[in-house]
Amino acid sequence: MAETKLFKYEPSDSESLAAVGAILRDGGIVGIPTETVYGLAANAFDGNAVAKIFKAKGRPQDNPLIVHISDISQLGSVVSEIPDSAYALAEKYWPGPLSIIMPKGERIPDEVSCGLDTVAVRMPSHPAARDIISAAGVPLAAPSANLSGSPSPTTAQHVIDDMWGRADAIVDGGMCDVGVESTVVSLASDKPRLLRPGGISLEQLESVLGDVEVDRAVLAELEPGQKAASPGMKYKHYSPKARVIILKGSFENYRRFVKGKKDCASLCFDGEGDKLDIPFIEIGSEHDSSAQAHLIFDALRRLDEMGVQTAYARCPDTDGVGLAVINRLLRAAAFTVLDVDGVMVIGLTGATGSGKSSIAKMLCEKFDLAHIDCDEIAREITAAGSPVLSQLAQAFGDDIIRDDMSLDRALLASRAFASEKSTRLLNSITHPVITSKALAKAKDFTREGKTAVLLDGAAIFESKIDKLCDFTVAVTAPEDVRKSRIMERDSLTVEKAEERIGAQLPDDEYKRNADVIIKNYPPYNIETEIQKIIEKYEEKIK
Ligand code: TXA
Ligand code: MG
């Protein structure tokens, strides 16, 4: 563990600046403030020093770094060619939050560019960054100073939290102004291309360059195996420990959705928090993208301090710097976006033998609800020739596919439910696909004008799809009642019935997680029990 020195930036403190410069010249790594986010800097000409950055961050080896210069005269030492358009951009936006990708110069080692023949260069405007580059006397390669995968640091404390004992020094220069990383634009191909939105907006780039192509990865998830133009855009990123879900739609519907939710927090706009009944962090006013950029990473880090399981984020505008905010939030959310202006989704679950299916039927007939059956989706996605089926065969053996290419469900069940580990493996293959299919179906019902959908599934809680429901209902019955029901219904032996019950959550878990609990056994009256769902629905839309 390295000893980390802490400096406070003072423009007049030339002694400290000289000390930081010497650490960098000697091959050390230093957390430095910039106007975007804090960087973890090393001498860009020193491959060994740069390698330490990757180690300290746990950064994937194929994700190149940005080289920081303090004067345009340094540009010639890091690139092999300066296109006219680069001069035009530099004139307008340097120093500032813009990184320009150009053909790499010979002095830049592979450790910086990760073997690419291009390099990203930026001239930061923060006086501390400029003074430190000058004091070092060399360009500095610097990624954001967070542990790989975590939100980028926008205060010295964030850097201390992630890099204490890993960096040789940290310079405290206060809170970063912009708050999201620089815009990355490539001038290395025929057409200028925006690889990462940031402090300089697309509109600002286009005012100098004319048309700029926006890389697909800016707003969409890469398909498996698809190559990222900017390697940093392919990783799950900026993630707090809580699962982040973006809720698109009006504040009214957002409020309705999160109402009464447990173990979660809201990332909302200024003035909205007080109207909610869950803990919240405000991230700037609704139409002020710069304010949101300034606060977003700090908010993501504060979620961890709150220790909640789920965070529901309001969806920002995409204009100006907003494109950078939504780009970061999408990655923090692993691209989970739910449209709360759509149909209300009621999750219905219950252990085997609880009578969930008959209650579902009763509810749909009585209240004209749309019905989404997760069992049915599970059958659809495992149809002959489906990608999920081949994944299952790989995990549980080719013989689970019959000669006619259909799935032998009984054989799969016997293997998958044999241990907790294999059950988890089955779930990790099927649950994400079922979740996205179920959401797509719910969207279709929105178009048809339905007001509520019953999302009926045995694994609503295990798959965590409950976090995407307006509220959840669990149908319950004591274990002995359930056991005799399934033995009779499916002509099972006691052992088989017990095995099936054992593969599911215990009854207490359903009770703990659900918003409404239906007691489906004597002496309870089912009509009265169902009334609880109506009450919950009415409370929600109030
Ligand atoms: O604002 C910023 O840019 C901050 C501060 C410290 O300057 N730095 C920063 O660095 O955000 P980092 O490493 O977290 O992000 C660099 C991004 C990554 O997405 C990387 O893949 C991309 O720039 N990048 C760097 N060189 C590249 C190249 N030659 N071609 C394509 N993408 C490149
Ligand atoms: Mg980064």
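Counting starts at 1 for both ligands and their atoms, in listed order.
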Minimum heavy-atom separation for Gln292 and His287, please, with both atom names.
NE2-N, 4.3 Å
Is there a polar contact, in the sense of an N or O pair closer than 3.5 Å, between Thr36 and ligand 1?
yes
At less than 4.0 angstrom from any non-hydrogen atom of Ala120, what atoms of ligand 1 do you find?
25 (C), 26 (N)
Salt bridge present between Glu272 and Lys275 (N-O < 4.0 angstrom)
no
Would you kindly specify which portion of Arg59 sits under 4.0 Å from ligand 1, judged on non-hydrogen atoms: side chain, backbone, both or neither?
side chain
At a 4.0 Å threshold, what atoms of ligand 1 neighbour a non-hydrogen atom of Ile101?
27 (C), 28 (C), 30 (N), 31 (C), 32 (N), 33 (C)
Residue Asn63 vicinity, atoms of ligand 1 by number, heavy atom under 4.0 Å
18 (C), 20 (C), 21 (O)
With atoms numbered from 1 as shown, which atoms in ligand 1 lie under 4.0 angstrom from a non-hydrogen atom of Ala142?
8 (N), 10 (O)
Can you find an N or O of Ser144 that's nearer than 3.5 Å to an N or O of ligand 1?
yes
So between Ser182, Pro97, Pro64, whose heavy atom ends up nearest atom 33 (C) of ligand 1?
Pro64
List the steps, then state whether ring pair (Phe, Tyr, Trp, His ring centres under 6.0 Å) holds for Tyr254 with Tyr312.
CA-CA 9 Å; Tyr254 175 94; Tyr312 293 105; 7.4 Å; no
Numbered atoms and elements of ligand 1 in range of Leu195, under 4.0 angstrom, heavy atoms:
31 (C)
Pick out which of Arg122, Arg130, His68, Glu181 makes a side-chain hydrogen bond (donor to acceptor under 3.5 Å, both in side chains) with Thr34.
Arg122
Applying a heavy-atom cut-off of 4.0 Å, say which part of Arg122 lies close to ligand 1: side chain, backbone, both or neither.
side chain
Out of Val345, Thr472, Ile434, Ile460, which residue meets the side-chain contact (heavy atoms from CB on, under 4.5 Å) rule with Ile465?
Ile460
With a 3.5 Å cut-off and no angle check, do the side chains of Tyr38 and Asn146 form a donor-acceptor pair?
no
Measuring from non-hydrogen atoms of His68 to any atom of ligand 1, is the shortest distance under 4.0 Å?
yes
If the cut-off is 4.0 Å to any non-hydrogen atom of Thr118, which atoms of ligand 1 fall inside it?
28 (C), 29 (N), 30 (N)
Of the options Val37, Ile170, Ile32, which is the one that meets Val159 in a side-chain contact (heavy atoms from CB on, under 4.5 Å)?
Ile170
Near Leu116, which atoms of ligand 1 are under 4.0 Å from a heavy atom of that residue?
28 (C), 29 (N), 30 (N)
Ligand-residue contact atoms, ligand 1 with Gly39, heavy atoms, under 4.0 Å
6 (C)
Would you say Ser144 reaches the Mg ion (ligand 2) with an N/O/S atom under 2.8 Å?
yes
Tell me whether Asp339 is salt-bridged to Lys443, with the criterion being a basic N under 4.0 Å from an acidic carboxylate O.
no
What I want to find out is whether Lys104 reaches Asp117 closely enough, with some N-O distance under 4.0 Å, to be called a salt bridge.
no
May I ask you to establish whether Lys52 and Phe54 are in a cation-pi arrangement, using a distance under 6.0 Å from NZ or CZ to the six-membered ring centre and at most 45° from the ring axis?
no
